[in-house]
Each structure stands twice: as structure tokens, then as C-alpha cells.
Amino acid sequence: MVKDHPDYALEKQHLDYTLKEMNQIITSLEDDIDKRTAQMRVSLEHKDQISTYVHSMMKHDHAEKIYDMKEALGSPYFGRVDFKDDDAVDYESFYIGRIKISRLDILTVKDILVFDWRDPVATIFYECQDGRVSYDVLGKYHYSGDVNLKRQYKIVEGVLQKISDDYIFDQLADPKKEALLADPFLTERLLQGTSNKLKDIVTSIRGEQNKIIRETLHQVIIIQGVAGSGKSTIGLHRLSYLLYNEKLDPQKMMVIAPNKLFLDYICELLPEIDADDVRQQTFIDVVHEITQTTFSLHQDEKAHLFLENKIKDSRRDQLEAVARLKGSLEFVKILDAWMDKKIEKFCLKLKDILLFDQKLLITKEQQIENFMQGGMLNTPYNERVKTLSGYIKFRVRNFLEVLEMEQRRKIGSTDKTYEQYSQQGTQFLAGHFSKWSCDDIRTCYKEVFSNKSIFKILKNKKLDIAFIAEYSSSILQEGNVEREDLAPICYLSYLVNGWNHIVKFEHIVVDEAQDLNTLEFMILKMLSKNSSFTIMGDLSQGITAYRSIDSWQVVMKEVFSDVKSIYREVNYSYRSAREIIECFNKVMPRGHSAAIPVYEIGQDPVYQQISTENEAVLAIRDAIQKFKEQDCKSIGIITKMERDSVSLYHALQQEGDNLELHVITSDTLSYQGGISILPVGLAKGLEFDGVIIWNASDKEFKNNSFDAKLLYVALSRPLYYLHILYQGNLTPLLKGKSK
Ligand SMILES: Nc1ncnc2c1ncn2[C@@H]1O[C@H](COP(=O)(O)OP(=O)(O)OP(=O)(O)O)[C@@H](O)[C@H]1O
């Protein structure tokens, strides 16, 4: 009972006082809006545009404040800390909420009734675990001191429902006690279940997460975090923190997510934390924007070969080698070499231009000098072409202009030369440059593979260049590209057209970053203004490792060696109950840090052997039924292959149980929640109250690292309940682990 808390009366009084103050602030703002409306009328009459503008801006600003303040009336704050700075005598109380609530004129800190969660002092609330804390303001001022109270509140519709400050005292009394399990507010929040969109964690950010959120700009932060450690959530909260504190333009901040479905999944969180205007894109969107071309992706044959467990397949090895090469910085050397060759070829083709009865000579050397732009290395090819054609046009027109002037001076002249030369000039200019510039980036990319000699510069002499060229050309010929072609195409467009149309980003958050390759990271670096990145991923979930990175060190060394970068690991997992975490920890690839649970549910995963697929359908229906009885709002049925999701969906539908089922395939753009049937590749990043795995047999999931990562992703999706179905024998990855 909240009323049993010894400070209930004081806290209730404080809440009433805060609400009263807030209502007063709202009234003052509304009064000011009325005054400004009247003043605007006067300004308009006097045609005083500046004054009109100022009043209108203030009105707009006040209206926003009123809106936020009214929203906050229901729950103006969620926390309080009592802090004594080392230089101070007394403790001071700071209340922390979703927005800052302050009187209109801030004269002292007492005029700030509630601090925004992104304000520097909120660090005291998030990080005080042992009675001491320190924090920085604007990276300049450093404060440290003692905390003797951290209090959390549940306030609903302006009514104080719960107070808790046991947590910090528990900690002080028994530092060995599992910190997270002792936090009742966090546990309550984690037991609320999940619906269909990712939620904010403003009220329960943990210390280790807070440190990442508040890292300074202009550095690369790489976060390796176990499944459910809050990587996606932290990355987005960091954007909100940077927007608030660094006053950045949201359009110059970007979050890169693996697919549209995932973007849809995070879309509700951004407005909740005031970050809805940041750019939300997939890598493919970025490529389209850079190249101003849309590409259709070829079906990923090697992904299928991996999924089908074609382990010792020579074609699979060949395809993997192609993907690895195209994703590496070695391939940049190939593209540079292609460009150099193209420039060389162009220069070799240039000849002296002799026009107008040999009266105008533009020498080959003059043309080369203009094309090479005095040795400038980074000029895009088409810009060189433009400069040279501009120079030739200028020389031709200049010749004709001088001739025309001379002719005009000879009054009454009947000389026809000017007209003839003018015609000749026009004809020359119309035809001379027709094949000079590279208009289509696809054609340029095709050319790369038609010139096998440039591949000789590769260090790895074992690569089958003939296969790489032939395979790539055939896909390009069909009008398609593979995912691995996109980054090289971007780089090529940089060499050929330049990226002047692209505005560089102040900060980029990359989620599921383990799925990118080195060259893709390099492209993102080229898009960033100050190499300011938050890169979040989990190598244990690297289910496209045949094409993407397998170590963060490689990214730091190869891509970001010239900038400040830091690497952190987060191993607490907030999504899943202890019982689920213990299960997925067992299939985690060797050498990776295990996830640490923070709460438990008291129900172990269920393992069920199935003989036929019909039986599987019945078992799934039963499991859904049980999950529903346990109040699951979202259920995921996860298969290894996409085609299995589709056939399972049809089989379940035929059962006619009136279950509302959603099948998720690579074409799905939005996530509906409810009961979803989906392949593991698309389940990555999502979460469900209950998950049914179909089918964890030894045939589907073999004892190799690719299958282990797939299974790890699938097993780490549920919050509370896991039902594992397998046909025949259980996968060796889980053998002996069932209870
Ligand atoms: N401090 C926290 N308080 C409450 N919930 C949290 C906290 N941190 C994370 N969570 C919850 O844990 C779940 C997992 O978070 P999130 O999806 O961001 O993790 P992730 O590391 O990106 O996971 P994965 O890599 O498995 O996709 C979410 O429901 C999120 O709200």
C-alpha cells in the first residue's frame, strides 16, 4: 500500500504542489498567448514584420509547452534523488520526469520543478548504485557527491500509486545482492508484456545503458550486446539525448535498421522520446538516395544454400567468396583501378581538335590538362568530363564571337565565313561529346567485371576471378544486383558522379550492425560529417556472417582507425525471463559472452517431439491456446525457412479456428502484433510474449555455427514462454538440454 510508505504524506503534498504549479504555468502561458495575439494584431497594422514574427514564434513555442505540460499532468515525474555535492553542506532533492517543468523565469535551480530525463542531473538517478555518483555538464563541469535517496514513483492520472526506495538501501546493505532483481519497478515493467511496437525505457534506464546514451558526439561507439540487452532501445534513446542536449537538426541524424518491418517496429518509440524527425532508413534506402537509382535485388542463392545446410557445397563456397570480396576494402582498390583505367583510356583517346579551316587548334595537351584538373585526385569522372567539354565549348564560342565582332567592324561586308563557321561550330558541339559522360551507374558497374585485368591487383591469388566476373555479369545482365553489390555501386557513384547532392549526417545510429560488411561501414563513414556513430550489434546473431563482419575489431581497425572509437559490451538481458535466457545461452556460439538474466517467470521452456506435420499443426494450436490463457498479447511462431512459415500459415488457417494469424515474409512492411508466423531471419530484432519454434530437429539445425546463430536468434525472441517443437530428433545444439 502506497499509504504505508513513511513519506507518503510528504510525497503526496509535493505532488499536489507540483500539479498546482504546473496548472499555474499553463495559465500564465495561455495568458501570454492571448497577449501576444493582441500584440501581433498591432504589429501587423504597423507592418512591423520582425515583431509579428517574434510574437508568432513565441506563441508557437508556448503552445507546444502547454501541450507537453498537459500531457505531463498525469505523471509529472517518475523519480527523485537526494544528492549532496562534495562542495555542498546539504542534500538537495531533484525530481526527474519525461520533460522539464520549470517556472517561466528561471532564477535559481528551485525554479526547475522537474528535470528532463536527458538533463545531466538525471544521471544521478540512473547511475547511483552505491551511494556515490558523478556527472558532467556540457562536457565542461564535473560534479560528484553522495546520494542518500533514490526514489521511484508510479503516478497515474495525477494520483500517487506507488513509491519505492528499497532498492538503493538494499544495495547499500548488501552489495552482493543481484542489483537488477531487487528493483521492483524494473521487474514490474518487464512483466508488462509486449504488444506490437518497441517501447521507451525512460523510467527504467540502467546505469550501463545510461553511460552509452550520454556518450559525447564525434566518436564511434561500438556496442556488442547479447540478445535483449536493449541495444535498439538505447540507440534510439541516444538520438533523443543528442537532439535535446546538442540541439542538432533531426534531419541530420539517421538510424539505419535492417528492413522496413523493423523500422515499422520502432516507429512508435521515436515520437515518445521526441525523436520522430530523425531519418529512419535501411541501407538500401541510403543506396537509392546516393545513386538516385533504384535497384532490384536478385534472390540470395547463397543464403538459401546456407539455410538448406549445404555445408560442403562448392558453389556455396564460390558465392561466399564473391560476397566476401565485394564487402571488403580490397574491392575499393578494384573500383579505384577501374576508374584509373577509364581516365587513362579517355586521355589516350583525346586528339588535337582542328576547326574552322585550321584556324582554331585545341591541343590534346590542353584537353588533358583540363580533364585532369591540374592533378586533382578526387574529382568525379563526370565532373572532369564537364570541365573539359566546358573548356572546348568556350574555345569554340570564343573563336566565333571574336570573328563576329571583326565582321561587324567591316561595315557592309558580304563575307559569308562567319555563318559557315557558326554552322560548323554548332554541328561540332552537338556531336563531339555524345559518348563522354557515364550516365548509368549500372553500366559502369558492369564494365568493372568486363575488365578482368584489374583484378590482378588482388592480394588473394586463389580467388576465381573468371567465376566472379561471370557470375556478377550474369546477374547484372538480368537487370538485378545482389545486396553485396550495393556498397560498391555507391562507391562507384562517388567516383563517377560525386556525392555533392548528399547532406552529411551529424550522427548515425546503426542497429543490427553485425549484418553489415566492411565496405558498407565505409560508405556510412563517407556519409557522416565527423565520424560520429553509435553502432549496435550482436555477433552471436550474425546470421548473414557469410557476407558480413565477424569481428568488431576489424571494423575498428579497417574503417575507423583514424578516429576515436570505443568498444563496450552489455550482457544483462532485459527481454527474456531467466528460464529462456538459460536456454538460449546454451546455443550461443563459443567464445561469446553469456547473457545475464534480470528476472524470472517460473516456467521452463517446453520441448515436444512431433511425428508428422499434421501433428505439428495441432500442437501449435494447443500451444497458442495455452499462451493465450497465460495472457500473452503477442505470439511468434518461428520457422527456419520463409516457405515453411507460409505453408504453416495455410495449414493453420485450414484448421478454421478463427485465429487471427499474420504471416510475415520478406515483402511485409508493417508488424501487426498478435499471432505472427515468420522465418527466423525476419524475427531478428522483434520480440513476443510467447514463442513456438518449428522445427528444432537435428535435420533443420545442425551442429554448426551458422545454425547455432539462427537458433540463438529464434530462442531469444520470447519474453516469457517458449515451446520448442521438433520432428524426429532434437537438434544436437539443444541435446541433453531439455528438461
Ligand atoms: N532498462 C530497461 N528497462 C526496461 N526494459 C528494458 C530496458 N532495457 C531494455 N528493455 C527491454 O528489453 C527488450 C529488448 O530490448 P531491445 O529490443 O532494445 O534489445 P536488443 O539488444 O536490441 O535485442 P536483440 O538484439 O535481441 O534484438 C525491450 O522490450 C526493451 O523495452
Side-chain angles (χ1 to χ4, degrees), residues 198 209 212-225 230-260 262-263 265-267 269-270 273-291 327 329 483 486-487 490-491 493-494 499 501-538 548-549 552 554-568 685:
L198 196 62
Q209 297 175 325
I212 297 166
I213 291 170
R214 285 165 200 263
E215 277 292 349
T216 50
L217 269 178
H218 307 155
Q219 57 177 337
V220 178
I221 308 167
I222 296 185
I223 309 296
Q224 157 62 43
K231 299 180 293 296
S232 308
T233 317
I234 304 169
L236 301 176
H237 282 66
R238 175 159 165 71
L239 282 175
S240 168
Y241 169 82
L242 291 174
L243 279 170
Y244 180 83
N245 284 286
E246 303 281 345
K247 311 276 177 282
L248 300 179
D249 173 359
Q251 281 297 307
K252 291 196 181 154
M253 304 181 82
M254 173 164 68
V255 51
I256 297 274
N259 51 47
K260 295 276 184 214
F262 190 79
L263 285 174
Y265 175 62
I266 61 172
C267 71
L269 168 54
L270 291 168
I273 52 174
D274 274 348
D276 36 345
D277 288 336
V278 300
R279 300 272 286 272
Q280 302 150 47
Q281 294 188 301
T282 63
F283 187 78
I284 300 168
D285 296 332
V286 172
V287 175
H288 290 165
E289 207 165 308
I290 291 177
T291 58
L329 299 195
R483 163 70 195 242
L486 294 175
C490 276
Y491 184 71
S493 88
Y494 172 76
W499 287 4
H501 59 295
I502 298 291
V503 180
K504 295 211 168 171
F505 290 91
E506 301 270 7
H507 192 77
I508 301 178
V509 169
V510 189
D511 201 1
E512 302 285 348
Q514 75 282 349
D515 293 343
L516 298 191
N517 60 40
T518 325
L519 187 47
E520 288 167 348
F521 276 111
M522 193 194 96
I523 296 295
L524 293 180
K525 186 182 178 199
M526 288 166 70
L527 279 176
S528 114
K529 202 166 162 196
N530 291 306
S531 287
S532 191
F533 280 92
T534 308
I535 294 172
M536 340 273 299
D538 180 9
S548 46
I549 53 154
W552 297 116
V554 170
V555 181
M556 289 170 92
K557 218 168 100 191
E558 292 191 10
V559 185
F560 295 114
S561 60
D562 56 338
V563 293
K564 185 179 169 204
S565 55
I566 53 173
Y567 170 83
R568 296 251 175 85

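The residues of the chain are indexed from 1 along the displayed sequence.
Judged as a side-chain contact (heavy atoms from CB on, under 4.5 Å), and not counting sequence neighbours, the contacts of T282 are L263, I284, D285.
Residues R238 and M536 are not in side-chain contact: their nearest non-hydrogen atoms beyond the backbone lie 4.5 Å or more apart. Looking at F262 and S232, their side chains come closer than 4.5 Å, going by heavy atoms from C-beta outward. At a threshold of 4.5 Å between non-hydrogen side-chain atoms, the residues M526 and Y491 count as touching. Looking only at side-chain heavy atoms (C-beta outward), I290 and Y494 stay at 4.5 Å or farther from each other.
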Point to revise | Audit row: H237, Q209, side-chain contact (heavy atoms from CB on, under 4.5 Å) steps and yes/no | key: CA-CA 10 Å; H237 282 66; Q209 297 175 325; over 6 Å; no

Exercise for review: Could you walk me through whether I223 and I535 pass side-chain contact (heavy atoms from CB on, under 4.5 Å), step by step?
Suggested key: CA-CA 6 Å; I223 309 296; I535 294 172; over 6 Å; no

Exercise for review: Kindly determine whether L524 and E520 satisfy side-chain contact (heavy atoms from CB on, under 4.5 Å), including the steps that lead there.
Suggested key: CA-CA 6 Å; L524 293 180; E520 288 167 348; 5.8 Å; no

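Minimum heavy-atom separation, G685 to Y265: O-CE2, 3.3 Å. Summarising the geometry of S528 relative to I508, their closest heavy-atom pair is CB-CD1, 3.9 Å, with the distance given to 0.1 Å. Residues V220 and S531 come closest through the heavy atom pair CG2-O, 3.6 Å. Across all non-hydrogen atoms, the minimal contact from P258 to D511 is CD-O, 4.4 Å.
Between the OG atom in S532 and the CD atom in E506 there is a gap of 8.0 Å [rounded to 0.5 Å]. Here the OH atom belonging to Y567 is positioned 9.0 Å from the CE atom belonging to M556, to the nearest 0.5 angstrom. A distance of 12.0 Å separates CG of N245 from OG1 of T216, quoted to the nearest 0.5 Å. Here the CD1 atom belonging to I549 is positioned 11.0 Å from the CD atom belonging to E558, to the nearest 0.5 angstrom. Atom CG of L236 and atom CD1 of I266 lie 5.0 Å apart (nearest 0.5 Å). In this structure, CZ in R568 is found 6.0 Å from CD1 in I212, a value given to the nearest 0.5 Å.
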Donor-acceptor list for residues 247-256 side chains, cut-off 3.5 Å, not counting sequence neighbours:
from: K247; atom 1: NZ; to: Y244; atom 2: O; distance (Å): 2.6
from: D249; atom 1: OD1; to: Q251; atom 2: N; distance (Å): 2.9
from: Q251; atom 1: NE2; to: D277; atom 2: O; distance (Å): 3.0

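Looking at R483 and D515, no side-chain N of the basic residue comes within less than 4.0 Å of a carboxylate O on the acidic one, giving no salt bridge.
The ring-ring contact (aromatic ring centres under 6.0 Å, His included) test with F533 is passed by exactly one of F505, F560, F521: F560.
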